[in-house]
Amino acid sequence: MAINFKGKTALISGAAGGIGLALAQALGQKGMNIVLADIDTIQLDRAVETLRQQGIRCFASQLDVTEYTQWQAAVEAAVNEFGGLHMLINNAGVGGVSGTIEDTNHDTWRWVVDVNLMGVLYGTQAATPALKQTGEGGWIVNVASMAGMMGVPYSSAYAATKAAVVSMSESWMAELAPHNIHVSVLCPAFVKTRIHESMRNLQDKYKPEQGTMDSKKLNLGLNKAAALVESGISTELLANRVLEALESGQHYIFTHPNYRPAVKGRAAALDKAFEDAQNSPLVGHLIDQEIARL
Ligand SMILES: NC(=O)c1ccc[n+]([C@@H]2O[C@H](COP(=O)([O-])OP(=O)(O)OC[C@H]3O[C@@H](n4cnc5c(N)ncnc54)[C@H](O)[C@@H]3O)[C@@H](O)[C@H]2O)c1
């Protein structure tokens, strides 16, 4: 049976452009009220204008996802304006800076962790009481990445935070199921957006000291990322795929079936590691022990 989204409310972070805006539009066209939240207020106002012209009920909420109090204000505004909150989409994310281990800058690594990981925690923590409050159940969609399913050389901060988002989502799936809150994790490969230009949103608090970043290397990385992103699918296609997956209750939302062999290869390597452990004279006997759970 098709889900009736009409009259329900979604709060979407990073909704001023890219994937967030496409999701806002797709859900708005299904009759949802939308709170578009973003750090980029200029793009945010434009996005709200575009959606309103399409007859979508929405408003803008200025939000830096690394600030918990701003998340609390966004949730409060959603509930005050629309009477409740049914869906949270933790979409805001940054690509970070690619480079070797030796070139890694601690400030920009922390930026990626704070936006991509802590931002998702803060959003979920701020929104969960409101999602439970309606008593009607709801949805949390966390935007991870195919990078969360495997390591990515020269982009360890991005891959680490996206793997964390997959893991957080899996934990919350079980935790929130009794409240009829469906948690999904979206793992796209490349999508045509401005993700390769994420540095435009680098907050002052994460700006590295002058001269600590090699601009030549930085530009090389950015050019490569731009070409990959340009080869990606459209945000409209991605948004329709998300709706399709939500309609059929999928928890893991994949958009690129061509990555299946890569993920299968990782699963096979993990399985082989279990086999090695089972064959080990040291720990093999643990095979019969019951798994301890919280
Ligand atoms: N584009 C891809 O190829 C791709 C692939 C896999 C996953 N993703 C993920 O999709 C999500 C959306 O990214 P996108 O591709 O649309 O990129 P994008 O750069 O086009 O959009 C990101 C949005 O997040 C906002 N944002 C950045 N920092 C923020 C902060 N601190 N607080 C609030 N908003 C902030 C930006 O202003 C922008 O509107 C990200 O989580 C990204 O990691 C993207």
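Just so you know, these numbers use all the heavy atoms, side chains as well, and skip hydrogens, waters and symmetry mates.
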Quick check on the hydrophobic clustering: are Ile253 and Leu27 connected, directly or via other members, by side-chain heavy-atom contacts under 4.5 Å? yes

Would a hydrophobic clustering, with Ile, Leu, Val, Met, Phe, Trp and Tyr connected at side-chain separations under 4.5 Å, put Val229 with Tyr154? no

Any side-chain heavy atom of His182 within less than 4.5 Å of one from His251? yes

Any donor and acceptor pair, going by atom type alone, linking the side chain of Ser248 with main-chain N or O of Gln250 inside 3.5 Å? no

Backbone N/O of Thr9 and side chain of His86: donor-acceptor pair under 3.5 Å: yes

Looking at Leu270, I want to see if its CG is surrounded by more than 12 non-hydrogen atoms of other residues, nucleotides or ligands under 6.0 Å. yes

Going by the ring pair (Phe, Tyr, Trp, His ring centres under 6.0 Å) test, which pairs reach into residues 45-79, not counting sequence neighbours? Phe59-Phe82, Tyr68-Tyr122

From Ile12 atom CD1 to Leu88 atom CG, the distance as rounded to the nearest 0.5 Å: 9.5 Å

Are Val191 and Val141 joined in one hydrophobic group, where the rule is that I, L, V, M, F, W and Y side chains link up if heavy atoms are under 4.5 Å apart? yes

Tell me whether Asn91 contacts the main-chain N or O of Val143 through its side chain, where contact means a donor paired with an acceptor under 3.5 Å. no

Taking Thr134 for the side chain and Ala130 for the main chain, is one N or O donor matched with an acceptor at less than 3.5 Å? no

Given side-chain contact (heavy atoms from CB on, under 4.5 Å), test Thr255 with Leu186 step by step and report yes or no. CA-CA 8 Å; Thr255 53; Leu186 171 63; 4.0 Å; yes

Between CG of Asn142 and SG of Cys187, what distance do you get to the nearest 0.5 Å? 10.0 Å

Within a strict 4.5 Å, meaning less than it, do heavy atoms of the Ile3 and Lys30 side chains meet? no

Do Lys192 and Thr235 have side-chain heavy atoms sitting under 4.5 Å apart? no

Other residues, nucleotides and ligands only: do more than 12 of their heavy atoms fall within 6.0 Å of CZ on Arg200? yes

Can you name the closest pair of heavy atoms from Leu51 and Ala24 and give their distance? CD2-CB, 3.8 Å

Under 3.5 Å, is there a donor-acceptor pair between the side chain of His256 and the main chain of Phe190? yes

Distance check, rounded to the nearest 0.5 Å: Tyr259 atom OH versus Met150 atom CE? 7.0 Å

Is Arg241 salt-bridged to Glu244, going by a charged N under 4.0 Å from an acidic O? yes

Considering non-hydrogen atoms only, spot the tightest contact between Pro208 and Leu202 and give its length. CD-CD2, 4.2 Å

Begin from the C-alpha positions of Asp114 and Gln203 and carry the test side-chain contact (heavy atoms from CB on, under 4.5 Å) through to its verdict. CA-CA 11 Å; Asp114 281 358; Gln203 303 96 309; over 6 Å; no

From Asn116 CG over to Trp111 CH2, what is the distance, rounded to the nearest 0.5 angstrom? 8.5 Å

Taking the side chain as every heavy atom from C-beta outward, state whether Met118 and Thr66 have any atom pair closer than 4.5 Å. no

Look at the side-chain heavy atoms of Ile, Leu, Val, Met, Phe, Trp and Tyr, link any pair under 4.5 Å apart, and say whether Tyr158 and Val263 land in one connected group. no

What are the two closest heavy atoms between Ala127 and Leu85, and how far apart are they? CB-CD2, 3.9 Å

Neighbour count >12 (heavy atoms, 6.0 Å) for atom CD, Gln133: no

Does CG in Leu286 sit with more than 12 non-hydrogen atoms of other residues, nucleotides or ligands closer than 6.0 Å? yes

Qualifying side-chain hydrogen bond (donor to acceptor under 3.5 Å, both in side chains) pairs, either residue in residues 266-279, two or more places apart: Lys272-Asp276

Quick one: CG on Asn33 to CZ on Arg57, what's the gap to the nearest 0.5 Å? 4.5 Å

Is a side-chain donor or acceptor of Ser156 paired with a backbone partner of Val152 at a separation under 3.5 angstrom? no

Residues pairing under ring pair (Phe, Tyr, Trp, His ring centres under 6.0 Å) where one sits in residues 15-40, two or more places apart or in two chains, turn out to be none

What's the verdict on side-chain hydrogen bond (donor to acceptor under 3.5 Å, both in side chains) for Asp38 and Gln43, showing C-alpha distance, side-chain angles and the deciding distance? CA-CA 9 Å; Asp38 207 287; Gln43 290 299 330; over 6 Å; no

Given side chains that start at C-beta, do those of Phe5 and Glu247 come closer than 4.5 Å, heavy atoms only? yes

Under the side-chain contact (heavy atoms from CB on, under 4.5 Å) rule, what do Leu117 and Met168 come out as? Steps first, then yes or no, please. CA-CA 9 Å; Leu117 195 166; Met168 289 148 83; 4.0 Å; yes

Least distance between heavy atoms, Leu36 atom then Ala47 atom: CD2-CB, 4.0 Å

When you measure from the side chain of Thr128 to the backbone of Gln125, do you find a donor-acceptor pair of N or O atoms at a distance under 3.5 Å? no

Answer yes or no: is there a donor N or O on one side and an acceptor on the other, between the side chain of Asn90 and the main chain of Ser13, under 3.5 Å? no

Min side-chain heavy-atom separation Leu21-Thr50 under 4.5 Å: no

What I'd like to find out is whether the side chain of Ile56 reaches to under 4.5 Å of the side chain of Ile34, using heavy atoms alone. yes

Nearest heavy-atom contact between Ala22 and Ala239 is O-CB, 3.6 Å

Check whether any side-chain heavy atom of Asp40 lies under 4.5 Å from a side-chain heavy atom of Leu44, and answer yes or no. no

To the closest 0.5 Å, what do you measure between CG (Leu246) and CE (Met87)? 5.5 Å

Check for me, please, whether Leu131 and Leu121 land in the same ILVMFWY cluster - side-chain distances under 4.5 Å, paths through other members count. yes

Which pair of heavy atoms, one from Met173 and one from Val185, lies closest together, and at what distance? CE-CG1, 4.2 Å

